[in-house]
Amino acid sequence: MRFSTMFIPTVRETPSEAEAISHKLMLRAGYVRQLAAGLYIYLPLGLRVIEKINRILREEMNAIGAQEITMPVLHPAEVWQETGRWDAIGDEMFRLKDRTGRDMCLGMTHEEIITWLASREIRSYRDLPQIWYQIQTKLRDEARPKSGVLRTREFLMKDSYSFDIDEDGLEKSYQLHADAYHKIFSRCGLKFYMVESDPGMMGGATAHEFMAPSPAGEDEVALCDSCRYAANVELARSTPKASEERNWAFEEVSTPEKRTVQEVSSFLNLKPEYFIKSILVLSNSGPVLALVRGDQELHEKKLSKIIGEHRPAHKDEVKEILGVEAGFIGPMNHKIRIIADPCLKQGVYVSGANKPHYHAKGITPSKDFDAEWHDIHVAKADDFCPKCNAPLRIEHTIEAGNIFKLGTKYSVPLKASYLDENGQEKSIIMGSYGIGPARIAAAAIEQNHDKDGIIWPKSIAPFDVEILPLNMNDKNTVNVAEKLYQDLIKKDIEVLMDDRDERAGVKFKDADLIGIPTHIVLGEKNLKEGLIEIKDRKTKEAEKVAIEEVVGRVKDRIKN
RNA sequence: CGGGGCGUAGCGCAGUCUGGUUUAGCGCACCUGCUUUGGGAGCAGGGAGUCGGAGGUUCAAAUCCUCUCGCCCCGACCA
C-alpha cells in the first residue's frame with residue numbers, strides 16, 4: 001500500500017482522554033478513533049492488525065479440529081430465560097424489544113445460542129465430540145469502559161464451545177484449547193501466563209485465564225517462579241509469612257481515638273502483622289465476624305464461598321450487634337459466627353478490646369476466642385506459594401483469553417442431550433473458550449513500545465516492511481523505491497511505502513510511531529553508491545545493503 | 001452506582017478565581033506562494049470557534065447561579 005493514498009491519520013499530540021500507553025499510541029499512530037465511551041472505530045491500520053490476529057486464531061482453532069460458524073448478535077430473550085441468565089444478569093446486558101414488543105437482547109456471549117443449536121442438531125454419541133467457534137462481536141453495557149480498546153462495550157471475541165459425551169472428553173477438549181492458546185499467544189509475540197481463575201457466573205469447576213503482564217492490566221495474578229503455581233488473586237491461595245514470636249500477657253491498653261490497624265499500629269509502635277483485623281459482615285444467615293491479620297486484606301470472594309452473599313456492616317449496625325463502636329471491636333466474647341484466617345492460629349495478637357478507646361494486647365486465638373478456620377485473605381507479594389512454599393510475586397496483567405469447563409450448566413436447561421451406546425439419554429458436557437483480539441493487540445503494544453512509538457511483533461504487524469524514500473523530488477530515489485515496492489509485493493511481502501512528499505524527519509517519526517518492524521530507507525547519497533539501508537524498528541540498527549540484495553535480506557528478516 | 005477531574009477551532013492548551021481591557025487568544029495541523037529537503041523545516045499570507053447544551057442573574061456572561069449532556073481517572077461491578 002502507498003502511504004499517500006492509505007488513510008493513516010497520525011497525530012503529534014496525544015488526545016487528552018488517553019491514559020494507557022496502548023490507547024495513546026493507537027490514537028496517535030492512526031489505528032483507531034473513539035466514537036463514544038467504549039466504542040471504537042478501527043481504521044485501516046488497526047483493522048489489518050486485527051485481521052492478522054484473527055488469521056492466527058483461525059489457523060490454530062482449525063488445527064485442533066474446531067469448525068467456524070457465525071451466530072447472530074441479536075438474540076431472543078427466551079433462550080436466555082431458559083438458562084436463567086436473563087434475570088441473573090443485570091444492567092450489563094443490552095436489552096431491547098422488536099416491533100412486536102418481543103424481548104430481545106444483544107449478545108454478551110453465546111453459550112445460550114450455541115447450546116440451542118446443539119440441542120436441536122446433536123442426537124447421538126456418534127455426533128460427538130464437536131468444537132464450534134466464531135469470531136463475533138459481543139456487546140456488554142460495561143459499568144466502566146476504560147483504557148482504550150482494553151475494556152469496551154462492543155468488542156470482537158473468538159469464542160469456541162466444545163461438546164463431549166463425558167468428563168474425559170471435556171478434559172481432552174479443554175487441553176486442546178489450552179495448547180492452542182499457548183500457540184496463539186506465542187505466535188502473537190506476547191509474554192503471557194496461564195493462571196487458575198475463578199469460574200464465576202460461567203459455572204463449572206475449572207477455569208484458566210491467559211494473562212499478558214502489563215501495568216495497564218486490571219487483573220492481578222500471584223506467581224511462583226519455583227513451581228510455576230499461577231493464579232488470579234481472585235482465588236490465589238498463599239501462606240503468609242509467620243510473624244515473630246511474642247510473649248505478651250493479656251492486658252488492655254488505652255488507644256484514644258485510634259481505630260484503624262494503621263492508627264493503632266503506629267500509636268503502639270507495633271507492626272500491623274501483630275494485629276487481628278475484625279470485620280463485621282451481614283450475610284443472609286446473620287452477622288459474621290471475619291478475622292484476618294492486620295497486614296492482610298479480607299478476600300470478599302473467598303468469604304462468599306463460605307458464608308454466601310454478604311456486605312460489610314454499617315457503623316450503627318456494628319454497635320447494635322456487637323455493642324461496641326467500629327474500630328474497637330475484638331474477637332472475644334461474641335455469640336456470633338466467627339471465620340478466621342488460618343495464619344492467626346499461631347501467635348498472640350492485639351485487637352479491639354470491645355470497649356471504646358481500648359485495645360487488648362496478648363490475645364491468644366483458640367484460647368480467647370473460637371473460630372472456624374478458612375483461607376479468607378488476599379494473597380500478596382512475599383507471601384509463600386501454597387504448593388512449594390517459595391515466595392510469590394504479584395503482577396498486573398491483561399486478561400487476553402480464558403477457558404472454562406462448563407459441564408452441563410447450559411446443556412441441562414436447554415436440553416442439549418444425546419443417546420449413548422446403550423440408548424440412554426445424557427446431557428452433553430460443554431466447555432467455553434474465549435480470546436479478545438483487541439486485547440491481544442493492545443497487550444502487544446503495552447509490552448512492545450518505546451518513546452517513539454509502537455514496536456509490533458512481526459506476526460501481527462500491519463505490514464512486514466515500510467519503504468521510506470526520503471526525497472520524493474529525486475527521480476532516482478523514486479525509481480528505485482518503486483521497483484523495490486513491486487519486487488517485494490511479487491515476493492508476497494506486505495509493504496507500506498511512504499510515498500508522501502514529506503520531509504525525511506516526518507517520515508522517520510511516523511514510521512517509528514506506526515511501528516512496522518522493518519524499515520527500508522532510501523537516501524539520495526547512499527543510492528548514488530548503490531546502497532540502501534535496512535533498519536530494525538526495535539533496535540534502530542541499520543545495515544547498508546546493495547540495492548539488488550535488499551529483497552533477499554528483507555525476506556530473511558521476515559522469516560526470523 | 002459513589003468519589004474526583006475536564007469540556008474554548010481538527011488536536012494540545014491559555015483565558016474562568018476577580019463579569020467589561022478580546023472582533024475570544026496561542027502552539028500544532030490545514031490551505032496558497034517562495035525557499036528548504038537524513039529525525040515532526042523557514043518566511044509571508046489565509047481559512048476555521050453557536051466557548052458542550054438549556055435556563056437564569058446582570059446594562060453586560062467563556063467567566064457568576066441552577067439544571068442537563070458528554071468524556072477521562074479512582075472505587076464498586078464485570079458471564
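We name chains A, B, ... by the order of the sequence lines, and we start the count at 1 in each one. Scope of the values below: all heavy atoms of this structure, side chains included, with no hydrogens, waters or symmetry mates. Given the structure is predicted, the values throughout are model-derived calculations rather than measurements.
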How far does the [atom1] atom of [N] sit from the matching atom of [M], given to the nearest Å?
N	M	atom1	value
B:rU57	B:rU66	C1'	11 Å
B:rG56	B:rA14	C1'	28 Å
B:rU8	B:rC51	C1'	4 Å
B:rA9	B:rA76	P	35 Å
B:rG70	B:rA24	C1'	23 Å
B:rC69	B:rC43	C1'	45 Å
B:rA48	B:rG5	P	36 Å
B:rU22	B:rU16	P	14 Å

Interatomic distance, [X] [atom1] vs [N] [atom2] [rounded to whole Å]:
X	N	atom1	atom2	answer
A:Asp91	B:rA76	CG	P	18 Å
A:Leu39	B:rC72	CG	P	10 Å
A:Glu502	B:rA41	CD	P	8 Å
A:His396	B:rC74	NE2	P	11 Å
A:Asp141	B:rC1	CG	C1'	12 Å
A:Lys146	B:rG3	NZ	C1'	15 Å
A:His23	B:rC71	NE2	C1'	11 Å

Pair of N/O donor and acceptor under 3.5 Å linking B:rU37 base with A:Asn471 side chain: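 By the distance-only test, no, there is no pair.
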
Short side-chain N/O contact to B:rC74 OP1/OP2 from A:Arg144, under 4.0 Å: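 For A:Arg144, the contact criterion (side-chain N or O under 4.0 Å from OP1 or OP2 of B:rC74) is met.
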
Now, which nucleotide makes the Watson-Crick or G-U wobble pair with [N], with each of the two distances under 3.5 Å?
N	result
B:rG75	B:rC1
B:rA48	none
B:rA60	none
B:rU36	none
B:rC6	B:rG70
B:rC26	B:rG12

Please tell me which of the listed nucleotides, [options], lies nearest to the side chain of [X]?
X	options	result
A:Arg503	B:rU36, B:rG38, B:rG40	B:rU36
A:Ala37	B:rG75, B:rC71, B:rA29	B:rC71
A:Gln34	B:rC72, B:rC73, B:rG40	B:rC72

Lys NZ or Arg CZ of A:Arg95 over A:Trp80 ring: under 6.0 Å, within 45°: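 No, a cation-pi geometry is absent between A:Arg95 and A:Trp80.
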
Within 45° cone of A:Tyr174 ring axis and under 6.0 Å: A:Lys405 NZ or CZ: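 That pair qualifies as a cation-pi contact.
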
Ring centre gap for A:His182 and A:Phe192 strictly below 6.0 Å: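 Ring centres of A:Phe192 and A:His182 closer than 6.0 Å.
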
Test of ring centre spacing under 6.0 Å for A:Phe404 and A:His177: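 Distance test on ring centres: not under 6.0 Å, no.
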
Base versus backbone protein contacts along nucleotides 4-16 of chain B [heavy-atom cut-off under 4.0 Å; B, S, -]: -------BSS---

Under 4.0 angstrom, heavy atoms only, what part of the nucleic acid is [X] near: base, sugar-phosphate, or nothing?
X	result
A:Arg28	base
A:Glu112	nothing
A:Asp512	base
A:Asp510	base
A:Ala18	nothing
A:Ser197	nothing

Quick one: does [X]'s side chain get under 4.5 Å of [Y]'s, heavy atoms only?
X	Y	result
A:Ile440	A:Phe185	yes
A:Leu406	A:Glu111	yes
A:Arg557	A:Asp536	yes
A:Lys302	A:Leu235	no
A:Val495	A:Glu466	no

Audit row: A:Ile376, A:Val292, side-chain contact (heavy atoms from CB on, under 4.5 Å) steps and yes/no: CA-CA 7 Å; A:Ile376 53 168; A:Val292 293; 3.9 Å; yes

Mutual orientation of the aromatic rings belonging to A:Trp456 and A:Tyr31 [parallel < 30°, tilted 30-60°, perpendicular > 60°]: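 Correct class here is tilted.
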
5' precedence on RNA chain B between A:Ala143 and A:Ala504 (nearest-nucleotide basis):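 Its nearest nucleotide lies further toward 5', so the answer is A:Ala504.
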
Earlier contact from the 5' end, RNA chain B, for A:Gly148 and A:Thr10: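 That would be A:Thr10.
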
Test item: A:Thr397 side-chain N/O and A:Asp219 main-chain N/O as donor-acceptor pair under 3.5 Å: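 Here the side-chain-to-backbone pair exists.
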
For RNA chain B, the residues among residues 516-528 of chain A that have a non-hydrogen atom under 4.0 Å from it: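 Nucleic-acid contacts, sorted: A:Val521, A:Gly523, A:Asn526.
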
